[in-house]
Amino acid sequence: MRPSMPRALLHALAALSLAASGLTAVVAASTPAASAPAASAPAAALDNGLARTPPMGWNSWNSLGTAVTQQQVVQTIDFMSSKGLVAAGYDTVTIDDGWSLSHRDGQTTDLVKNSYGAMQLYDADRNPTSGLDGTGFDLTTGHLMPDPAHFPAHTVNGQTLNGIQYLSWYAHSKGMKFGLYATDTYTTCQGHPGSLGHESTDAADFVAWGVDFVKYDDCPYGPPITGPDGYNYGTQGEGRELTRSIYARTQDFQRALDAASAAQGRPRVVLSVSAQPVHTGLPYLLAGDDPARTDPVVVAAGTPARQAPGYAPTGVWCGQVANLCRIGGDRGPDLEGVLHNGQLQTALQYPGNVRPGSWNDMDMMFAGWLDPYGLYGTTDTCTCHKPMNDTESRSEMSILAMTAAPLISGADLRTAADSQHSDSGYTWSTGISDSALAVYKNADVIAVDQDSLAKPATLVGDPPNSPTAPLVLKRQLANGDTAVLLVNQDPNSARTVATTLSALGLTGPGYSSKELWTGATGDVTGTLGASVAPHGVAMYRLKALPVTVPATVIGDGRYHGISAGGTGGQVLEVRGTCSAPDGSTTDLNTWWDWHTSERWRFDANGDGTVHITDDCFTDTQVHGTLTGPAAPGGPAWVLNSYDPNSPYQKWRVVQNTATGALTVTNVATGLALDAPQSTPTSAVVLGRPDGSAAGQSWSPVS
């Protein structure tokens with residue numbers, strides 16, 4: 001549910017004229033005014049083959065509100081396409097409330113409203129009635145009409161397209177999908193015609209216009225209602241808003257969309273329930289045949305006193321009738337809205353609503369959002385409009401990814417020039433910064449959000465005992481990896497946030513780790529922790545290290561060639577061969593079994609470590625000992641002298657029991673022998689351990 005924006009955001013823009021070609025036929029719908037489909041048997045979980053991973057894209061509301069125009073949406077589509085957002089997965093652009101005129105094409109004047117802002121209903125004799133007892137009729141007819149002042153029609157390849165059809169076509173021409181806003185009430189949150197009672201007409205129009213995604217809101221205007229029990233149920237709506245649950249009204253529209261898609265031979269449409277109902281529903285007015293009364297999921301969950309089935313919480317039932325389910329109220333540009341005292345706690349309560357085709361929605365992202373109401377800190381100092389910094393933006397996206405939530409941006413995704421504002425002598429841009437754009441495009445974090453297992457995060461340990469206490473989340477991923485999020489909820493101070501493999505339920509001897517925001521890698525054998533910035537996170541992907549045993553080459557008295565993974569069989573050698581001087585470095589080269597510079601013996605030390613020597617015996621190279629550098633990235637080298645007390649000349653060599661591959665790790669530094677390049681004579685170095693690095697996996701070739 002969205003309140004009105006404080007004031008218009010932008011000056012009117014000139015109508016857009018675009019030369020276009022290659023239009024796929026777009027045919028306007030022509031359907032009779034229709035009543036809602038009748039209630040039917042209890043719904044099974046919605047499985048329409050859509051939204052198999054959480055949808056990603058952009059919504060106009062947070063930055064443009066009801067002032068959104070066709071030109072702004074075109075600018076957004078162009079920006080998302082050219083800046084790599086579409087390639088990253090953000091492929092849907094959605095227009096929110098305010099796109100239509102305030103009457104349908106069957107009327108000559110705007111909707112008639114009563115003193116509470118609700119649409120005026122009428123009795124059977126066409127006399128005005130309050131409809132608070134669930135009666136009353138909506139006399140409006142016809143089709144929704146795009147506001148021509150903001151969404152002008154265009155002629156493309158000889159066809160005249162209304163302003164919404166045109167944007168749908170334009171998005172599709174850029175390889176994107178197009179979304180539109182509607183409501184299950186008589187009027188939208190901003191007072192435009194809603195779809196209640198017009199489901200078949202509006203669904204047929206949306207499908208004909210090429211709409212791929214519908215954000216379906218709930219905006220019950222009307223007076224507070226006191227029930228027969230004397231309880232004040234608050235604002236509940238009027239007429240059929242009272243007699244059919246949100247569950248039922250959403251199901252009506254979803255089925256109307258499917259019917260329209262089938263009739264027109266067009267793809268099905270993703271449906272998103274936008275509003276977590278703040279009202280309760282009125283049990284004594286809810287129709288006896290309402291499908292929410294008999295749905296087994298709703299029945300099993302139970303209905304609290306003074307509530308009605310099919311209202312709050314959507315996390316119980318929404319996946320039965322829609323693909324996306326808002327589980328909390330509207331969020332603002334503050335991280336608290338997604339922390340544990342905000343919507344995270346709610347998301348953790350409803351993991352059963354998360355599966356391919358059904359996702360808990362935590363509202364639009366504010367990552368990278370900049371205040372459109374004024375120049376923040378100068379002309380507008382309301383903390384309710386304070387932009388998120390990049391640290392908080394990373395935190396918001398991380399929490400959404402861990403909970404498998406949709407990634408739908410509310411930031412202004414346009415260029416600085418296109419998003420310029422002027423007020424009180426100041427000029428500024430709300431266009432997203434390059435650093436915030438990089439947050440959105442983090443492929444590793446997106447991969448966690450889009451993981452095909454569709455298993456959302458769980459809380460590690462007890463719930464935080466205060467709003468600023470740290471917390472840890474874990475999420476199982478489809479390939480067996482585990483995502484771990486360390487969250488510092490304190491807005492003012494850095495905190496050390498830590499967990500253990502045991503607390504994470506991980507029983508293996510060790511795991512390779514990658515921090516998804518910095519790219520840092522390492523191994524975890526006991527504790528995973530980090531110093532985390534205020535309102536910051538550290539996000540890791542853990543992969544079980546292979547089961548290893550001491551390498552079979554140790555102590556066998558033989559010399560072996562060892563080939564680095566990903567190098568086409570090239571082997572470790574003394575750079576310059578056995579004629580190289582003492583202290584030479586190592587490199588890769590083609591394997592020749594008679595080249596003694598490419599043959600190595602692995603001898604056990606008394607402390608369980610290994611020293612490794614080459615097979616050279618020349619004036620300059622006499623069984624040189626493999627020696628590690630002190631810093632990562634430095635080349636490994638060979639010394640004729642061997643110091644049994646030097647950890648730089650000691651190694652741990654283990655063998656993967658499944659593949660037979662060796663991992664060679666220096667005792668002094670913990671760095672792994674690595675061939676990061678595959679070209680002949682490229683240096684062999686020591687790198688930070690990384691279980692996914694092919695060059696750290698060595699295979700005996702002799």
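In this structure, Thr679 contributes its side chain and Ser682 its backbone to no donor-acceptor pair below 3.5 Å. In this structure, the side chain of Gln489 engages the main chain of Ala469 through a donor-acceptor pair within 3.5 Å. Looking at Thr403, its side chain does come within 3.5 Å of a backbone N or O of Ile399 through a donor-acceptor pair. A donor-acceptor pair under 3.5 Å is formed between the side chain of Glu392 and the backbone N or O of Asn389. The closest donor-acceptor contact from the side chain of Gln655 to the backbone of Thr552 lies under 3.5 Å. No donor-acceptor pair closer than 3.5 Å links the side chain of Ser697 to the backbone N or O of Ala694. Between the side chain of Asp451 and the backbone N or O of Ala478 there is at least one donor-acceptor pair closer than 3.5 Å. Formation of a donor-acceptor pair under 3.5 Å by the Trp698 side chain with backbone atoms of Leu673 is found in this model. Using modelled atom types, one side-chain atom of Ser419 and one backbone atom of Gly431 make a donor-acceptor pair closer than 3.5 Å. The main-chain N or O of Leu85 is never found under 3.5 Å from a side-chain atom of Lys441 such that the two would form a donor-acceptor pair.
With Lys514 as the partner, the side-chain hydrogen bond (donor to acceptor under 3.5 Å, both in side chains) test is satisfied by one option alone out of Asp690, Thr521, Asp444, Asp481: Asp444. Looking at Glu573, Gln621, Glu598 one by one, the single match for side chain to side chain contact (heavy atoms under 4.5 Å, CB included) with Asp614 turns out to be Gln621.
Closest non-hydrogen pair, Ala538 versus Ala530, comes out as CB-CB, 4.2 Å. Ile432 and Gly368 get closest at one heavy-atom pair: CG1-O, 4.0 Å. Residue Ser435 comes nearest to Asp390 through the heavy atom pair OG-OD2, 2.5 Å, listed as atom of the first residue, atom of the second, then distance. Closest non-hydrogen pair, Leu459 versus His340, comes out as CD2-NE2, 4.3 Å. Looking at every heavy atom in both residues, Asp674 comes nearest to Gly687 through CB-N, 4.1 Å. Considering all non-hydrogen atoms of both residues, Leu662 and Ala551 come closest at CD2-CB, 3.6 Å.
Rounded to the nearest 0.5 Å, atoms CG (Leu471) and CG (Asp462) are 12.0 Å apart. The distance from atom CG of Asn353 to atom OG of Ser358, rounded to the nearest 0.5 Å, is 3.5 Å. From His385, atom NE2 reaches atom CG of Asp371 across 6.0 Å, with rounding to the nearest 0.5 Å. Atoms OG1 and CE, from Thr92 and Met80 in turn, are 8.0 Å apart once rounded to the nearest 0.5 Å. One finds the CG atom of Leu528 at 7.0 Å from the CG atom of Leu504 (value rounded to the nearest 0.5 Å).
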#### Entry: Full working for side chain to side chain contact (heavy atoms under 4.5 Å, CB included) between Met176 and Ile77
CA-CA 8 Å; Met176 299 178 70; Ile77 291 170; 3.7 Å; yes
### Message
salt bridge (Lys or Arg N to Asp or Glu O under 4.0 Å) for Arg599 and Asp615? Distances and angles first, verdict last.
### Response
CA-CA 6 Å; Arg599 294 155 53 93; Asp615 194 19; 3.1 Å; yes
### Query
How far apart are the C-alpha atoms of His595 and Asn589, what are their side-chain angles, what is the distance that settles it, and do they pass the side-chain hydrogen bond (donor to acceptor under 3.5 Å, both in side chains) test?
CA-CA 11 Å; His595 282 194; Asn589 221 325; over 6 Å; no
### Message
Between Leu339 and Val487, does the side chain to side chain contact (heavy atoms under 4.5 Å, CB included) criterion hold? Intermediate values first, please.
### Response
CA-CA 9 Å; Leu339 295 179; Val487 183; 4.1 Å; yes
### Task
Give the C-alpha distance, both sets of side-chain angles, the deciding distance and a yes or no for side-chain hydrogen bond (donor to acceptor under 3.5 Å, both in side chains) between Glu515 and Thr518.
CA-CA 6 Å; Glu515 206 291 317; Thr518 65; 3.2 Å; yes
### Chi angles and distances behind the ring-ring contact (aromatic ring centres under 6.0 Å, His included) call for Tyr642, His611
CA-CA 9 Å; Tyr642 169 58; His611 66 275; 4.5 Å; yes
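Tyr511 is not listed as a side-chain neighbour of Lys543, based on a closest heavy-atom distance of 4.5 Å or more. Between Val448 and Arg475, some side-chain heavy-atom pair lies under the 4.5 Å cut-off. A heavy-atom distance below 4.5 Å is not found between the side chains of Lys177 and Phe213. The shortest distance between side-chain heavy atoms of Trp369 and Met388 does not fall below 4.5 Å. Using a 4.5 Å heavy-atom threshold, the side chains of Leu453 and Asn479 count as separate. Taking the side chain as every heavy atom from C-beta outward, Ser433 and Leu437 never approach each other to under 4.5 Å. A 4.5 Å side-chain heavy-atom check between Gln450 and Met56 finds at least one atom pair inside the cut-off. The shortest side-chain heavy-atom distance between Asp643 and Gln649 falls under the 4.5 Å cut-off.
Inspection of the Asp412 and Thr430 side chains reveals an N or O donor paired with an N or O acceptor under 3.5 Å. Thr663 and Gln696 are not linked by any side-chain donor-acceptor pair at a separation below 3.5 angstrom, with hydrogens and angles left out of the test. A donor-acceptor pair shorter than 3.5 Å cannot be found between the side chains of Thr625 and Thr613.
In the displayed structure, Arg575 atom CZ is contacted under 6.0 Å by more than 12 heavy atoms of other residues, nucleotides or ligands. For Asp607, the CG atom counts as densely surrounded, since its 6.0 Å shell holds more than 12 non-hydrogen atoms of other residues, nucleotides or ligands.
Taking the six-membered ring where tryptophan is involved, the planes of His623 and Phe617 are tilted, since the angle between them lies from 30° to 60°. Using a 30° and 60° split on the angle between ring planes, Tyr440 and Tyr90 fall in the perpendicular class, above 60°.
A salt bridge is absent between Asp556 and Arg601; no separation between the charged side-chain nitrogens and carboxylate oxygens falls under 4.0 Å.
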